[in-house]
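Written below as structure tokens is the structure these notes are about.
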Amino acid sequence: MDNSRKKWLLSELSDYAMIAFGVIIYSIGMTVFMLPYGLTTGGVVGIASIIYYATGIEIQVTYVLINILLLIAAIKVLGIRFCIKTIYAVFLMTFALWLMQRLIEVPDPNNDGQMILPRLIGDESFMACVLGAIICGSGLAVCFEHNGSTGGTDIIAAIVNKYRAMSLGSVLRICDVTIIASCYFIFHDWYRVIYGCVTLFVSSMTLDYWIQRHRQSVQFMIFSRNSEAIANAIINTGHGATMLKAEGWFTHSDRQVIISIIHRREQAMIQRMVKRIDPYAFVSLSDASEVWGEGFDIMKVSESKEQKAKRVLVYASNSVHKLSEARAIFGDKYEIRSLADIGCYIDIPEDADSLHGNALLKARFVKMYFGFDCIADDTALECVALNGLPGIYSRNYAAVDENAPNVATRKVTYEWNDEISNEMLNILHSHKPIVDKPTDHDVKANIGKLLSKMQGQTNRSARLHTVMVLLTGNYEDHNKWQTQVFDGILEGTIAEHATNHVENTFSYDSVFVPNGYSQTIAELGVDVKNQISSRAIVIRKLKTDLEQTH
């Protein structure tokens, strides 16, 4: 058995053992402190306890019947792994409740042959209420922390917590208020309702405390003369660090401040590490109760109605012309953002082996490092007489040696490569903008070579070919990314001579004459180009697909 398999197995066994421990804790709180004092709690156990007080049917019977129905829904939403552990916990809880009652019950002195649950702390009902709530809340927390549940409204809480920014305790409070209040209509006793509310509050606060303690984080601000060594040491522990430039105002000397957010349980480790590197470092520590991002929690918050009305798509480009064209076609139902709009100020290198590959490279870069659904494209001029050239080499055609092997034939797919993505990350973090756009000199050289190659050719047919990729899905799970590819083609011919080239347009607009027109795209102008270009064609295809499938 390999190490990864062994670690997974040990983790699973640990989960099941801890779920059993949590169930035992909960059953102790319920049978020792709640049932003997006639106290009502929330959830399915609360419903079962009300039925127990009214009919004498032991709570484990009602508990297991209701949970069977809820588990059917849980399997569909929470996944089989969660539900297997929940099924395990539900049936274990059923047995534990039965066993605990058998262990602590005593003969009823007022009714021969009957067994009752004793009041172990006398007539202290309120104390029993508080102790029972703390113990039950702690048991629930143990189960939740190990990917399990005791069933009932815990399942509802887990479902809501998966999608919304609501703590488990808050969801349970909402679900359980109705159950607790309903006991008044059966017993007509406000004391039961009051004690039930106290139980609800204490148990949910206990649950939140145990769950949130692992999510508590602290923020370090470290002022040191050896800041680089400290920052490197923090990075080596698997945490992030940010270096800020500062000035000591008393000495007017340059300083570097390290900021790092870590889990509270690792606070002492970082403190010892800083002290070892620089015993004289000045360190400020503050609580960071809510931290979202890589290595911490996922930000779960619902969008406003206005935000939901517009779908956000990042166009992997900073070209003003491309963006204006895309925004005009997509209309008001979509918010099209540029790379600059998301904080990316580089031109992502396009060194793949196909138009599809270049588009996919840019889209995946945006998805991986910025998280947004992304559209990206690449365009080429393909001439029949030149066997498809310039093609993928359209950007630097003047520098291409056509005699090199496999120049005209390129792969049509491109596989994501982690080494390339790491290279991209280094470029992104270097703060050095990459300018990889053709200069006016490059454009003239490309066109000059094209016209030279086309001289004397009887077949001047050509096409502008744009491939656009739409990449969607949860940015944290690469295996669930969904990629759609769209092609846009504008047929035409190559003119005998180049017309005036317009800045910020495609390199070959001054020599490409679309079918049905007698002028080059450069002469037709931007308005016409936005209607007939290969990019406009492919954007309309993508928009139509989005409207039909999303």
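The line from CD1 of Ile234 to CE of Met243 is 8.5 Å long, rounded to the nearest 0.5 Å. For the atom pair CD1 (Ile261) and CZ (Phe220), the distance works out to 11.5 Å, reported to the nearest 0.5 Å. Between atom CZ of residue Arg255 and atom OG of residue Ser227 there is a gap of 10.0 Å, rounded to the nearest 0.5 Å. Rounding to the nearest 0.5 Å gives a distance of 13.0 Å between CD1 of Ile447 and CZ of Phe512. The CD1 atom of Ile222 sits 11.5 Å away from atom CG of Leu244, with the distance rounded to the nearest 0.5 Å. Between atom CG of residue Leu542 and atom CG of residue Leu470 there is a gap of 5.0 Å, rounded to the nearest 0.5 Å.
Within the 4.5 Å cutoff, the side chain of Thr483 has heavy atoms near those of the Leu360 side chain. Using a 4.5 Å heavy-atom cutoff, the side chains of Ile392 and Leu355 are in contact. No side-chain heavy atom of Tyr369 sits under 4.5 Å from any side-chain heavy atom of Arg364. Side-chain contact between Leu389 and Glu382: absent, with no pair of heavy atoms (C-beta onward) separated by less than 4.5 Å. Residues Ile336 and Asp341 form no side-chain contact, since every pair of their non-hydrogen atoms from C-beta on lies 4.5 Å or further apart. Put simply, the side chain of Gln219 reaches to within 4.5 Å of the side chain of Ile259, judged on heavy atoms. Using a 4.5 Å heavy-atom cutoff, the side chains of Met368 and Trp481 are in contact. Contact annotation: the side chain of Val312 approaches that of Phe372 to within less than 4.5 Å [non-hydrogen atoms, C-beta and beyond].
Side chain of Ser14 to main chain of Leu10: no donor-acceptor pair is present (N/O by atom type, distance under 3.5 Å, no hydrogens or angles). In this structure, Arg460 contributes its side chain and Ala495 its backbone to a donor-acceptor pair below 3.5 Å. Under the 3.5 Å distance criterion, the side-chain polar atoms of Ser452 are left unmatched by any main-chain donor or acceptor of Gly448.
Using a 3.5 Å distance cut-off with no hydrogens or angles, the side chains of Thr520 and Thr499 do pair a donor with an acceptor.
The shortest non-hydrogen separation linking Leu381 to Ala462 is CD1-CB, 4.1 Å. Leu313 approaches Leu546 most closely through the heavy-atom pair CD1-CD1, 3.9 Å. Pairing each heavy atom of Leu464 with each of Ser534, the nearest pair is O-CB, 3.3 Å. A pairwise comparison of heavy atoms in Ala536 and Ser533 identifies N-OG, 3.0 Å as the closest pair. Contact detail for Cys344 and Phe370: the closest heavy-atom pair is CB-CZ, 3.5 Å. In terms of heavy-atom proximity, Ala385 sits nearest to Gln457 at CB-OE1, 3.6 Å.
One finds no salt bridge joining Glu325 and Arg327 here, because no Lys/Arg side-chain nitrogen approaches an Asp/Glu carboxylate oxygen to under 4.0 Å. Salt bridge present: Lys367 and Asp373 bring a charged side-chain N and a carboxylate O closer than 4.0 Å.
Considering only residues two or more places apart in sequence or on other chains, Gln519 meets the side chain to side chain contact (heavy atoms under 4.5 Å, CB included) condition with Glu523, Leu524. When the salt bridge (Lys or Arg N to Asp or Glu O under 4.0 Å) test is applied to Asp377, the partners found at least two apart in sequence or on another chain are Lys322.
Other residues, nucleotides and ligands contribute only 12 or fewer heavy atoms inside 6.0 Å of the CD atom of Gln455. Within 6.0 Å of CD on Glu228 lie no more than 12 heavy atoms contributed by other residues, nucleotides or ligands.
Partner Lys541 forms a side-chain contact (heavy atoms from CB on, under 4.5 Å) with one of Asp545, Ile539, Ile537 and no other, that one being Ile537. Exactly one residue among Asn446, Ile521, Ile494, Thr379 makes a side-chain contact (heavy atoms from CB on, under 4.5 Å) with Tyr508. That residue is Asn446.
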Under the criterion side chain to side chain contact (heavy atoms under 4.5 Å, CB included), I'd like the reasoning laid out for Thr237 against His239: C-alpha separation, chi angles, the key distance, then a yes or no. CA-CA 6 Å; Thr237 65; His239 297 86; 2.9 Å; yes
Which is it for Gln256 and Ser224 under the side chain to side chain donor-acceptor pair (under 3.5 Å) test, yes or no, and what are the steps along the way? CA-CA 7 Å; Gln256 288 183 311; Ser224 171; over 6 Å; no
Stepwise, does the side chain to side chain contact (heavy atoms under 4.5 Å, CB included) test hold for Met454 with Leu386? CA-CA 8 Å; Met454 292 295 295; Leu386 302 181; 4.0 Å; yes
For the pair His465 and Asp487, evaluate side chain to side chain contact (heavy atoms under 4.5 Å, CB included) and give the outcome as yes or no after the intermediate values. CA-CA 7 Å; His465 182 193; Asp487 280 272; 2.5 Å; yes
Could you give me the CA-CA distance, side-chain angles and deciding distance for Asp378 and Val467, then say whether side chain to side chain contact (heavy atoms under 4.5 Å, CB included) is met? CA-CA 6 Å; Asp378 196 22; Val467 175; 5.8 Å; no
